[in-house]
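To start, the structure itself, in structure tokens.
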Amino acid sequence: MHEMSLTEGILRVLEQQAAAQGFTRVVKVRLEIGELSAVDPESLRFCFEAIRDETVADGAELEIIPLPGRAFCVDCGKEVPLPHRFAVCPDCGGGKLQLSGGDEMRIKDLEVE
Amino acid sequence: MCGVCGCGSETIGEAHGHDHGHSHHGHSHSHPHDHDHDHDHDHDHDHGHDHDHDHGHPHDHDHDHHHEHAARGDIHYGQGPAGSHVPGLSQARMVKIEQDILGYNNGYAAENRAMFEENGILALNLVSSPGSGKTTLLCRTIADLKDRHSIAVIEGDQQTSNDADRIRATGAKALQVNTGKGCHLDAHMVGHATEKLEPAEDSLLFIENVGNLVCPAAFDLGEAAKVVILSVTEGEDKPVKYPDMFAAAEVMILNKIDLLPYLSFDVEQCVAYARRVNPGIGVLKVSATSGEGLEDWYRWIGDRRQSLLAGRVARLESKLAALRARMDRA
């Protein structure tokens with residue numbers, strides 16, 4: 001449900017950028033969303049389509065670039081892929097993993113007119 | 001409710017203070033706030049935040065440029081043009097943004113955190129499912145600690161002021177924030193609530209978040225720590241079912257342990273799951289009803305408070321030393 005707040009946050013950034021950078025219409029928004037972030041991409045897409053109209057992003061396309069989960073394994077001393085938060089190290093099977101990537105929620109860039 | 005800042009349905013104590021004139025999606029907030037607090041602390045903003053504390057000035061946010069709430073600090077979302085043209089795309093151009101979607105929340109959270117630290121306020125964000133016993137734990141904690149600490153509480157719920165009423169009955173200052181349709185508190189709501197509540201210097205501030213193990217994980221409120229409460233009447237696998245929350249929390253309180261003899265809850269398995277998601281998470285086993293284990297919780301609070309106060313003392317001492325040096329030169 002917080003995807004709606006996040007979407008409103010995205011639109012807020014778009015409106016501010018429109019004023020700052022002198023564009024009137026956003027054609028495409030590219031987001032980078034980590035696979036372990038607290039956001040569901042499909043829900044975000046749904047919310048975006050629900051509220052984009054009559055804003056600077058009216059009709060805009062939303063592209064979501066997924067970023068994979070990564071963690072540093074304390075026992076192996078190296079970075080390993082982390083498919084979900086409670087996964088174990090694929091090499092040693094240990095659970096001492098520190099998240100090092102995959103929790104991003106970023107607006108990467110825009111295509112504007 | 002304004003899903004962005006939550007202002008629309010803010011019910012603070014019994015009194016509505018703010019007059020939010022929002023026009024959404026354009027977000028031309030015109031907050032006629034009157035920041036005329038009598039804060040008796042010295043703002044020595046040497047910590048990198050360019051706060052514009054125009055306290056006392058009724059200002060009007062109708063600027064054309066891109067910041068909001070200048071009175072509460074600089075929150076610039078536009079980081080200047082970084083546009084790059086992509087050849088071959090008719091009139092369209094690319095604009096690089098590279099901004100965190102939660103940037104607006106995190107800006108307010110940073111202000112809250114700076115304000116809490118400056119005033120020695122230990123702010124704890126209590127998160128859990130509904131029914132884990134957060135309010136009961138808080139009432140008991142207040143009853144046990146109120147002679148040692150000044151305590152204030154921000155209560156977040158979608159509706160009703162029942163919880164704030166329960167807290168006020170203990171004698172602590174409490175303030176209800178109703179989020180309306182919202183599923184979490186955000187840093188902007190907490191900033192406003194703190195202004196209203198005016199917690200004392202060197203006090204404890206408990207922020208009881210909306211009962212929800214999902215959304216509040218993503219929203220930093222400026223707290224010193226998130227404390228997740230899980231009751232043993234729930235499933236022991238909640239840490240892996242809702243990993244974001246357990247990953248964000250510094251400590252997990254297992255509540256209602258007086259009921260363990262009647263349940264099949266596997267405490268060790270639960271702790272193992274929580275450590276799988278967050279290897280560093282602290283675990284406190286308590287019963288807010290029987291009082292078992294609460295001393296450990298109070299000791300944890302005491303330790304966090306000590307380190308906060310030590311930081312404050314160090315800052316004040318360096319400020320004092322700088323002042324003395326200036327006096328010697330004069």
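In this text, all values refer to a predicted model and were calculated from it rather than measured experimentally. Every chain is numbered from 1 and lettered A, B, ... according to where its sequence line falls, protein lines coming before strand lines.
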Practice item. Please answer whether the main-chain N or O of A:Leu36 pairs with a side-chain N or O of A:Arg85 as donor and acceptor at a distance below 3.5 Å. Key: yes
Revision key, fill the gap. The interface call for A:Val39 against chain B, heavy-atom contacts under 4.5 Å, is neither
Review point. Any sub-3.5 Å donor-acceptor pair from A:Arg52's side-chain atoms to A:Ala60's backbone N or O?
Key: yes
Check your understanding: With no hydrogens and no angle check, is any side-chain donor or acceptor of B:Gln99 less than 3.5 Å from a backbone partner on B:Ile97?
Key -> no
Exercise for review: Please confirm whether the backbone N or O of B:Asp220 pairs with a side-chain atom of B:Asn105, one donor and one acceptor, at under 3.5 Å?
Suggested key: yes
Exercise for review: Could I get the full list of ring pair (Phe, Tyr, Trp, His ring centres under 6.0 Å) partners for A:Phe23, not counting sequence neighbours?
Suggested key: none
**Study point:** B:Tyr273, part contacting chain A, at a heavy-atom distance under 4.5 Å
**Key:** neither
Point to revise | chain B contact residues among residues 91-104 of chain A, heavy-atom distance under 4.5 Å | key: A:Gly95, A:Lys96, A:Leu97
Check your understanding: Is there a donor-acceptor pair under 3.5 Å between the side chain of B:Asp244 and the backbone N or O of B:Ala218?
Key -> no
Check your understanding: Side chain, backbone, both or neither: which part of A:Thr7 has a non-hydrogen atom closer than 4.5 Å to chain B?
Key -> neither
Review point. Is the closest basic N to carboxylate O distance between B:Lys226 and B:Glu250 below 4.0 Å?
Key: no
